[in-house]
Amino acid sequence: MQPQEVHNLGFDDAEICGQSVKLRPLSEADAAPAWELIHDNREILKWLLWDGPSDQAELAETWRERWPEEMRLGRSYHFAIEPLEEPGFAGVITIKLPYYPDSVELGYWLGLPYWNRGYMTEAIGLACCFAFTCLDAVRVSSTVFADNFASRRALEKNGFVTDGRLRRDVFKFGQWQDTFFMTLLAEEWLESHVEPCSVRLVPHVEPPGTAA
Ligand SMILES: CC(C)(COP(=O)(O)OP(=O)(O)OC[C@H]1O[C@@H](n2cnc3c(N)ncnc32)[C@H](O)[C@@H]1OP(=O)(O)O)[C@@H](O)C(=O)NCCC(=O)NCCS
């Protein structure tokens, strides 16, 4: 099965709210603060497979057109992380369906001023809730650079375990990096998860006569 063929439920809108952050769809308006937080910021980019946006317009275009469409079609789900105390954009968490619609993969980053406040731990928990309850996921996984202790810790606090170390898995900024493949299974999540404070979902419905 090719990744581009993998689909799950589509949504026009989705907001999942926790105690300190909420997840909501990204918009064009988030591109300016996101650009300020991430461009040329190696403290963030050194941990990502992505090398960052080439300019602010690229982010704006992707967040206005491509990612809402991906969410509508149920191909991938990209959320802004918004602190409740400081409304606005703080980072991104993404749910992808690399091979199967019910086995999903998380990727994420947070702007430096927002680190170490527990935001990503909660954002991962909210994304897992979306994956397990709205997408019927059987597994959520994440691939983390071996030295990324903060990310590994945020996953572990959500019950993720390390399935294995992939040696020289990624070539990043001129160096090979080992990664850890970390997973959380649906039944493990059920045992220990924290409920979101609120969830608002607007499933996408194709107008009559437009279905393929
Ligand atoms: C990794 C990242 C998402 C963490 O977000 P965050 O909101 O700061 O994480 P949290 O505050 O929820 O939790 C971080 C945990 O790691 C711990 N931690 C932070 N730095 C650490 C370090 N160098 N070594 C060990 N633990 C560390 C924190 O103490 C905290 O654990 P605790 O609550 O038990 O004290 C953020 O640092 C980031 O965006 N980094 C750059 C991009 C990135 O790494 N993305 C992930 C790719 S897999």
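Counting starts at 1 for both ligands and their atoms, following the listed order. Remember, it's a predicted structure, so these values are computed and weren't measured experimentally. We number each residue from 1, following the sequence as shown. Just so it is clear, the values below take in all heavy atoms, side chains as well, and ignore hydrogens, waters and symmetry mates.
- Other residues, nucleotides and ligands contribute over 12 non-hydrogen atoms within 6.0 Å of the CD atom of E187.
- For ligand 1, the polar-atom distance check against G118 finds a nitrogen or oxygen pair separated by under 3.5 Å.
- Closest heavy-atom approach to atom 29 (O) of ligand 1 within the set D147, N116, L106, L48: this belongs to N116.
- In summary, the atoms of ligand 1 found under 4.0 Å from a heavy atom of R117, numbered by their order in the structure, are 11 (O).
- Judged purely by distance below 3.5 Å, without hydrogens or angles, the side chains of K96 and S76 never pair a donor atom with an acceptor atom.
- Every atom of ligand 1 is numbered from 1 in the order shown, and the set under 4.0 Å from a heavy atom of S151 is 1 (C), 46 (C), 48 (S).
- Ring pair H78/W67 is parallel by interplanar angle, where below 30° counts as parallel and above 60° as perpendicular.
- Near T143, with a cut-off below 4.0 Å to any heavy atom, the atoms of ligand 1 are 48 (S).
- For K157, the heavy-atom gap to ligand 1 drops under 4.0 angstrom.
- The one candidate from F79, W109, W35 that meets the ring-ring contact (aromatic ring centres under 6.0 Å, His included) condition with F89 is W109.
- Residues W115 and L155 are members of one and the same hydrophobic cluster, defined by side-chain heavy-atom contacts under 4.5 angstrom among Ile, Leu, Val, Met, Phe, Trp and Tyr.
- Residue M120 has at least one N or O atom closer than 3.5 Å to an N or O atom of ligand 1.
- Close approach of ligand 1 to T121 is summarised as follows: ligand atoms under 4.0 Å from at least one heavy atom of the residue are 10 (P), 12 (O), 13 (O).
- Distance check on atom 12 (O) of ligand 1: some protein heavy atom falls below the 4.0 Å cut-off.
- In the displayed structure, E61 atom CD is contacted under 6.0 Å by more than 12 heavy atoms of other residues, nucleotides or ligands.
- For I124, the closest heavy-atom approach to ligand 1 does not fall below 4.0 Å.
- Checking W47, Y108, F180 against atom 46 (C) of ligand 1, the nearest heavy atom belongs to Y108.
- With a 4.5 Å cut-off on side-chain heavy atoms, L126 and V21 count as touching.
- Of the protein's heavy atoms, at least one falls inside 4.0 Å of atom 3 (C) of ligand 1.
- Shown in contact with W109 at under 4.0 Å from a heavy atom are these atoms of ligand 1, numbered in order with element: 39 (O), 42 (C).
- Considering only heavy atoms from C-beta on, F145 comes within 4.5 Å of K172 through its side chain.
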